[in-house]
Amino acid sequence: SITGACRAIQKLTRVRVVDNSALGNTPYHRPPKCIHVYNKTGVGKVGDRILLAIKGEKKKALIVGHKMPGPTMTPRFDSNNVVLVEDNGNPVGTRIKTPIPYILRQRGEFSKVFAIARNFV
Amino acid sequence: RVSSDGKPEKFQPPPKPVIIDKQKQKEERRFLSPEFIPPRGRTDPLKFYIERKDMIQRRRVFNIPEFYVGHVLAVTTADPHANEKTSRFVGICIQRGGKGLGATFVLRNVIEDQGVEICYELYNPRIQAIEVLKLEKRLDDNLMYLRDALPEYSTFDVNMKPVSRLDHEEVPVNKLQVRMKPKPWSKRWERPKYNIKGIKFELPESKMKAAQKWSQPWLEFDMLREYDTSKLEDKIWREVREGLKN
């Protein structure tokens, strides 16, 4: 079954990997799930780092958009989007087609993720 | 004048001139933005009066066009993190909420197969321009069901050209019936509580009948829920027009 409410990202939320990395795009019989949020509260918003379980492996990722409405003038996406990232902050993929919110620049030092993004909102 | 018979023709009076008073035609269409109308409650009207003064002040400096739910708008905002410090978003207005200075409207668009919604505040000083690209009202006041409709109904070209329109014409109503994705939806739109007329329900008759079980037909006859705003609207419209004339 598909859960409806609490649309920010917490443990065991299914996420959608948005970049063109091999790990994110090869099909697997289980969707990628969040197992830990690197945050004081367990709730992940845009710009937070999370630990993802994909294809039986653990991988860190960055949240680039969620279904929960945030502050006014910020975009709200129809799916929980995530970009795979190494431990040092380098993105795994080489291109991001889906739109990325501008607010991400303020939160954290993810300039490399920004550099590979194509559309901004 | 003599007709072909040789007898004088019956006197035909000249046609009366038809005077089209263009100013009168323009005045007949009045539009008051819904955030000016104060909600029903026990607050002092002085608070709404002061808020209205601030709203009129902002409208004098920055033009907020007349728009309804269902219009396609392009909004440019000032953003410190953007490339040229401005960001432009095009989308269909699905909801207008809030009263007074906190009035908001939500724009929705589908970019690169990803649905994006942004809730803008009408009186936020960060907004630099609001352009109406396409004028059309829809059958409902609230188009939240577009989230569960097929994405083609929410996609609008970012470089769309504004559709031209004459000022005194009525705002056209688009009687489009939208097709939905398969259930489950975020809300049960077939229930009479939402009173949606703009969806083409392809559900079986039994489901539609079962949804009518939740109808509350006594609500429209409830006298305590009546809120007649015509006199208030009149007064406020006059006030706003006086304020914007200067």
Heavy-atom closest contact ([X] atom, [Y] atom, distance):
X: Ile111(B); Y: Pro99(A); answer: O-CD, 3.8 Å
X: Ser87(B); Y: Tyr102(A); answer: CB-CE1, 3.5 Å
X: His81(B); Y: Arg105(A); answer: O-NE, 2.9 Å

Do any of [range] come closer than 4.5 Å to chain B, heavy atom to heavy atom, and if so which ones, in number order?
range: residues 112-121 of chain A; result: Asn119(A), Val121(A)
range: residues 50-60 of chain A; result: none
range: residues 21-31 of chain A; result: none
range: residues 77-93 of chain A; result: Phe77(A), Asp78(A), Ser79(A), Asn81(A)

With a sphere of 6.0 Å drawn around CZ of Arg179(B), does it hold more than 12 non-hydrogen atoms of other residues, nucleotides or ligands? no
Phe201(B) atom CZ: more than 12 heavy-atom contacts under 6.0 Å: yes
Check whether [X] gets within reach of chain A through its side chain, its backbone, both or neither, counting any heavy atom under 4.5 Å.
X: Arg108(B); result: side chain
X: Asn109(B); result: neither
X: Thr77(B); result: side chain

Pick from Pro75(A), Pro101(A), Gly70(A), Gly65(A) with the largest number of heavy-atom pairs that fall under 4.5 Å of chain B: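 Top count of heavy-atom pairs under 4.5 Å with chain B: Pro75(A).
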Have Thr98(A) and Gln114(B) got a donor and an acceptor in their side chains that come within less than 3.5 Å?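 Distance-only check fails for Thr98(A) and Gln114(B).
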